[in-house]
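Source: prediction; values computed, not measured.
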Amino acid sequence: MKLMKLFTHQMNISGGGGFTQDLVISSKDIPGLKVGDVVEIYHPEDEYSRLLIQVTSLKEELQHRDALSLDQAVASTFQLRALLQVYVKAINPSDISLDLVELTFKDQYVGRSEMWRLNQNLIGSAVYINKKIEFCQLVRCQVNEMWSKGERVAGGLITNDTRIVFRSASSMVYLFIQMSSEMWNFDVFGDLYFERAVDGFLGDLFTRWKKEGCNHEVTIVLFSRTYYEAASIDAFPSEMRSKVTADFRGRFYEDYYRVLVHNERSDDWHKMLTQLRIAFNSYPEEVLEASHKKYGQQNVPKAYNSSASHGNFLEVLNMSLNVFEKHYMDRSLDRTGQLSVVLTPGVGIFEVSRELTSITKQRIIDCGIGSDLVCVGEQPLHAVPLLRFQNKDMLDTDDYNIPHWLNLSFYTTNKKLGYSNFVPRLRLPVSPSTKDNVRLMKSQSERIHPGCETGSLNQLFDYDAYDAQVFTLPTQVQRQNFKPVTRKESRNTSVPPEVNPEQKKSIPTRPVGLVDYLSTSHAPTLFQPRKEFGKNYDSDDTPGSRTVIGSEGSPLERQLAYRPKSRPGRALINPFDPSRVPVKHTSGRRRWIHIYPRQPDGTTLDLGFKVALDSESYKKLADYRVQLRSTKVADEPFSPALTTGVDWKSLTTPACLPITTDYFPDSASLQKDYVVSDYTISPDDVNVDDYNRKGSRRPLETSQVYREFISQRLAQGFQLIVLPALSKSSARHISVREKSADSIKKSRQSQ
């Protein structure tokens, strides 16, 4: 450590005059200092603002003794004042290694091959916040954020283990706004959800774009789904029938899309808010009355807007994918990255088709495109986003899926109620004032509890045991007995006295619960084979065709008549406790894992949370959403106290697909899920043209040939695999490169 005087200079990149380095220091002032060393500079009275900078060149002698000169912009960033004394100390490189570095760029196209080459070039160099980096006079980027041991730092050293994330401030952004019926509803603060979406979220988003200097190419689309009150397709005019589609419930609908902005750029997007308000006022008339004006009021059935959960959510994602997956055609060389944002007034629950979900998931993973879902409704008390699959056979059991390929955000305002700080997260159901609502509630009640009076089923049926069986992992045995129940009221429920003599022999002498009795061989099982899934219990299912256990007409008999169903061979997802379901490791789930910083214990840190808990609870629960995305099995149970905020970084400067990943499939998965192709390539074959031509370039070396192979693969969306166990020592890339290198070495030795 040495005390020196600080001077500042303006760095001249062109080299016409002045200094071309950000640090100018003499080798005579600090003996033993050499090029490549990292020094720490700070004022004696200000120990918290420290600059880590690498020595790129040494001067023989400066004008002043015991002095150094810094770039004026760097000194201003770290609050280092000129003509004052600073401490200069050499730092051990192993103490300042970085785990993650984020680089941002703008108004240029940076391919994945250039990203990898820049990554290799930065190994061994020290970076600091806001440092400008230029590579081959083609790539110009800036250091935006750095992480080391789970904390943000102002500088450090890039090593082989450092992950570099590239974020673009000039991406192609598709912004879809769902104009469902909830947009015209009021929240707890008395504001329309449209006002919260446009004046709140979009206003904040456009402000952040302007603050960060983003220059995105934006497309804004309004979309919705319109249902018609029609019993058959014959109720529509003949010219309209080809445009109407029927869903699995037999309801007829049309999907509407209105493009407000298409591939436009602007320095200030706030002027678009006025256009959105105008479109909101005219949207119901333009959409709901469009068919009536075209085909006649009397010829078209009555139309109504769908809710957010029944809207065309996956359809709009595929619309953007149709454009993004052809990004290599007619490419613009002044933008990089693609982003799809869906803004919905819902709460993250959607009823979707299973087939369309599978297609959308595969397309998003294959294209490596970021998809953000922003909800302005109140976050529910269960896990979201939640996809409810449409059961076309009208089964009683619903299937749910928690998609890991969606980045979920919930936008909340800073408003507070005058009488309380409590903000409810559940909306009370609207009182049934119409016949349709009464009919809907009645049908749902009969489907869940057919033939049962209110309260009788709750007293006799053990819901805990039923849930435990439904959400149990599938086994080879289709029918399983329940475990002994622990509910107090069930243990005290004895067998009714009016039982047949044959059944008395199989009943234990001790008091048993209802589930214990149903587990005997003479009781009807709670889980039926697949062939009875479509059975309608409201049809002529007479009491005489059922096994009579209790007295005729008793609540127990009605309880036993209801036989809940499940899907044999498959465990269902419990939205209120998704951590109980183990998640399979796949390459798709780990595709984006390297954009998140790591904590010292190796877990991944996701910052998109607002946690109303203490710090200890945060440590236990903060990794939950990343665990769903990264296929780690959550050790802690799901907690509704863990709320999700807005991922502003993803919406402002979207990240590009990482160059590396940490998932390597096992041998069984390689044989089953992958296509393995062996290539035998010799560098001599590549250089044969160079040997024949006089005055040509020098033949490529073996390492250069393989670098070109890797570069071509990365440009097509492939990733390099870096195993965590190896990254601590040498961070060797386990990829096709090593296997090909070994095979060529053996072939050359044999020749």
message = Walk me through whether V101 and L103 qualify under side-chain contact (heavy atoms from CB on, under 4.5 Å).
response = CA-CA 7 Å; V101 177; L103 303 180; 3.9 Å; yes
Provide the closest heavy-atom pair for [X] versus [Y] in the form atom of the first, atom of the second, distance.
X    : Y    : result
R81  : Q79  : NH1-O, 3.5 Å
L70  : A75  : CB-CB, 4.5 Å
L157 : G124 : CD1-O, 3.5 Å

request  = Look at the rings of F206 and W209 and say which category their plane angle falls in: under 30° parallel, 30 to 60° tilted, over 60° perpendicular.
outcome  = tilted
ask   = Between Y411 and W648, how do the two ring planes meet: parallel, tilted or perpendicular, split at 30° and 60°?
value = perpendicular
inquiry  = side-chain contact (heavy atoms from CB on, under 4.5 Å), that's the test. Do R112 and C656 meet it? Break it down for me.
reply    = CA-CA 9 Å; R112 291 175 52 80; C656 301; over 6 Å; no
message = side-chain contact (heavy atoms from CB on, under 4.5 Å), that's the test. Do L100 and M146 meet it? Break it down for me.
response = CA-CA 6 Å; L100 183 140; M146 290 163 287; over 6 Å; no
Count the heavy atoms of every other residue, nucleotide or ligand shown that sit under 6.0 Å from [atom1] of [X], and state whether that count exceeds 12.
X    : atom1 : answer
E151 : CD    : no
F135 : CZ    : yes
K131 : NZ    : yes
D268 : CG    : yes

ask   = Does the salt bridge (charged side-chain N to carboxylate O under 4.0 Å, His left out) test come out yes or no for R335 and D107, once each step is laid out?
value = CA-CA 5 Å; R335 58 172 171 80; D107 295 336; over 6 Å; no
Do [X] and [Y] meet the criterion of a side-chain donor-acceptor pair at a distance under 3.5 Å?
X    : Y    : answer
T219 : N263 : yes
D161 : T159 : no
N130 : Q142 : yes
Y109 : R331 : yes
D372 : S650 : yes
W116 : E114 : no
S340 : S320 : yes

task = Report the C-alpha separation of T207 and H270 in whole Å, then their side-chain angles, then the decisive distance to 0.1 Å, and conclude whether the side-chain hydrogen bond (donor to acceptor under 3.5 Å, both in side chains) test is met.
result = CA-CA 8 Å; T207 301; H270 285 86; 3.0 Å; yes
ask   = Can you tell me if S148 uses its side chain to pair, donor with acceptor, with the backbone of S97 under 3.5 Å?
value = yes
Under 3.5 Å donor-acceptor, T661 side chain and R590 backbone = yes
Close side-chain approach of [X] and [Y], heavy atoms under 4.5 Å:
X    : Y    : value
R196 : T413 : yes
F105 : V139 : no
I41  : L68  : yes
F410 : V646 : no

ask   = Can you name the one residue among I91, I30, L33 that meets side-chain contact (heavy atoms from CB on, under 4.5 Å) with V39?
value = L33
inquiry  = Taking side chain to side chain donor-acceptor pair (under 3.5 Å) as the criterion, tell me which of K28, K5, K2, Q85 meets it with D66.
reply    = K2
